[in-house]
Structures are given as C-alpha cells and as structure tokens.
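To start, the structure itself, in structure tokens.
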Amino acid sequence: NQMVVWLKAALGIQTATSINVPDEPQWGIGGHETDEGDQSDVSGFEYKVTQRGYEIVGLTLEGAGRQSLTLPTTYQGKPVEAVQASVFQNNVTIESVSIQTNLTSLPDGMFQGCSSLKWVVIQQTSPTACQVGQGLLIGCDATVIVPRESVSQYCTDYFWSLYAHRIKGEQMSIQSH
C-alpha cells in the first residue's frame with residue numbers, strides 16, 4: 001500500500017486509491033480429506049495434531065532406518081498438512097523421498113545434511129502449488145524428480161528455478177524410487 005502512495009506522489013497523482021489485500025495463504029495445507037495417495041510409509045513418521053489434521057514432526061525408529069520414504073497424504077483419517085524442516089535433517093541413511101500433492105510447501109533446510117539423498121520426487125504437477133525456499137537442499141546433491149510434462153514449468157518458476165540444474169522429468173507413479 002505504501003509503495004502505491006509513494007509512486008503516486010512521485011508522479012503527481014492525487015486521486016484516492018483503494019487496494020484490496022487478499023488473505024494470507026495457509027502454507028502447508030493441501031486440503032485432501034480422503035485416504036488418496038500412497039500411505040505405505042505412514043508408520044515411518046511421528047505426527048503432531050494441527051487444527052485441521054496432522055503435521056509430520058519426526059521419524060519413527062522404523063522410518064529412520066529406511067532408505068526410501070513417501071510422505072503420506074493422511075494419518076488416522078485426517079490430512080497431513082505440513083512437514084517440519086527437522087524431519088530429515090542430517091539423515092545419512094535416506095536416499096529417496098517422495099512428496100505427494102497434499103503438501104503445499106517444503107521448509108528451508110528440510111534435506112540439510114542428507115549426504116546420501118539421491119532423489120526428491122515431487123508428484124505435484126504445478127510448481128506454484130508447492131512453495132519452496134532457497135535452503136531446501138543445503139548439504140546434499142539430490143536430483144529433484146518432477147512429472148515429465150512439468151519440467152519447464154518447474155525450471156522457470158520463481159522459487160523452483162534455483163534448483164533448475166537439479167530438476168529432471170520422469171513418468172510419475174505413486175511408488176517411491
């Protein structure tokens with residue numbers, strides 16, 4: 001709002017301005033209310049109750065020992081809405097993580113120090129549906145696998161373009177790599 005006021009003053013425009021500001025998005029909420037998706041690794045994670053469902057907050061002993069994990073879409077019949085950055089940090093066992101379409105943001109540092117991580121599989125076809133920060137892959141050399149038809153969209157997306165040199169396309173299946 002203030003920028004508009006300054007621009008109008010600099011241009012000598014004195015008319016009134018009304019700007020409708022949209023509601024802030026609720027990051028991490030995918031809105032999936034059913035058991036759609038791959039639930040095979042649901043027992044590999046620890047959960048915290050949120051207002052609408054669950055947030056993944058850690059790995060169980062079983063999950064910590066796995067080389068490949070798929071983040072579930074639901075837990076106990078409610079949606080998995082978010083994942084904390086610390087869930088995978090410094091995990092040297094994990095080689096592949098598959099992220100389904102229920103998550104709308106991936107926190108900075110999520111894969112920090114995951115030195116064995118080879119693939120991060122993003123099943124979301126639209127890069128704008130899953131926000132990502134600059135520090136997602138700090139300390140790892142993982143390739144980001146996206147649906148083949150979405151490679152150019154991911155590579156040119158404002159947030160995902162930072163990882164363009166790591167983005168590869170592949171025919172998507174629900175199974176983890």
Side-chain angles (χ1 to χ4, degrees), residues 24-30 32 37-50 52-75 79-147 150-151 153-170 172 174-177:
E24 184 176 335
Q26 295 183 13
W27 300 109
I29 298 175
H32 293 283
D38 183 348
Q39 303 300 101
S40 62
D41 293 331
V42 72
S43 64
F45 299 95
E46 297 174 347
Y47 303 87
K48 176 178 92 175
V49 176
T50 64
R52 293 185 45 209
Y54 290 94
E55 176 179 22
I56 296 174
V57 296
L59 295 174
T60 62
L61 190 57
E62 174 190 342
R66 301 277 308 274
Q67 292 179 324
S68 179
L69 286 167
T70 297
L71 279 67
T73 57
T74 61
Y75 177 67
V80 172
E81 302 176 314
V83 59
Q84 287 185 357
S86 60
V87 171
F88 292 105
Q89 286 179 349
N90 300 310
N91 181 324
V92 296
T93 304
I94 196 76
E95 294 180 1
S96 174
V97 175
S98 185
I99 299 164
Q100 300 186 75
T101 59
N102 57 308
L103 297 175
T104 60
S105 70
L106 303 177
D108 272 349
M110 184 170 171
F111 299 113
Q112 182 173 345
C114 294
S115 56
S116 298
L117 189 64
K118 297 175 186 173
W119 303 286
V120 176
V121 180
I122 308 293
Q123 295 180 7
Q124 185 61 255
T125 56
S126 172
T128 59
C130 186
Q131 297 297 309
V132 65
Q134 296 180 352
L136 181 69
L137 300 173
I138 293 172
C140 73
D141 296 321
T143 297
V144 178
I145 306 293
V146 300
S150 304
V151 171
Q153 292 174 18
Y154 273 89
C155 288
T156 57
D157 178 79
Y158 179 80
F159 296 103
W160 284 98
S161 63
L162 177 66
Y163 307 105
H165 65 288
R166 296 183 184 212
I167 294 174
K168 306 286 183 231
E170 189 170 292
M172 287 288 106
I174 298 293
Q175 301 299 317
S176 342
H177 288 66

Legend entry - Nearest-0.5 Å distance, CG of residue L106 to CD1 of residue I99: 4.5 Å

Inset, instruction - Indicate yes or no for a side-chain donor-acceptor contact from N102 to the backbone of P72 under 3.5 Å, with no hydrogens or angles considered. - result: yes

Inset, instruction - Report yes or no: does S96 contribute a side-chain atom to a donor-acceptor pair with the main-chain N or O of S68 at less than 3.5 Å? - result: no

Inset, instruction - Any chance you could measure Q67, atom CD, to T93, atom OG1, to the nearest 0.5 Å? - result: 7.5 Å

Inset, instruction - With rounding to the nearest 0.5 Å, note down the distance linking CD in E55 to CG in L103. - result: 10.0 Å

Inset, instruction - Check for a donor-acceptor pair, side chain of Q100 on one end and backbone N or O of L71 on the other, with a separation under 3.5 Å. - result: yes

Inset, instruction - Check side-chain hydrogen bond (donor to acceptor under 3.5 Å, both in side chains) between S126 and all other residues, then give those that pass, not counting sequence neighbours. - result: T128

Show the atom names and distances, to 0.1 Å, of all donor-acceptor pairs under 3.5 Å that link a side chain in residues 134-143 to residues at least two apart or in another chain.
none

Legend entry - Any donor-acceptor N/O pair, T60 side chain to S43 backbone, under 3.5 Å: yes

Legend entry - Any donor-acceptor N/O pair, Q89 side chain to G109 backbone, under 3.5 Å: yes

Inset, instruction - Would you check if the side chain of D157 reaches a backbone N or O of W160 as a donor-acceptor pair within less than 3.5 Å? - result: yes

Legend entry - Close side-chain approach of S161 to T156, heavy-atom, < 4.5 Å: no

Inset, instruction - Specify whether Y75 and Y47 have parallel, tilted or perpendicular ring planes, treating 30° as the upper limit for parallel and 60° as the lower limit for perpendicular. - result: parallel

Legend entry - T101 side chain vs Q124 backbone, donor-acceptor pair below 3.5 Å: no

Inset, instruction - Check whether any side-chain heavy atom of L69 lies under 4.5 Å from a side-chain heavy atom of L59, and answer yes or no. - result: yes

Legend entry - Residue pair V97 / W119, side-chain heavy-atom distance below 4.5 Å: no

Legend entry - Residues forming a side-chain hydrogen bond (donor to acceptor under 3.5 Å, both in side chains) with R166, sequence neighbours excluded: none

Legend entry - Donor-acceptor side-chain pairing of Q39 and T73 below 3.5 angstrom: yes

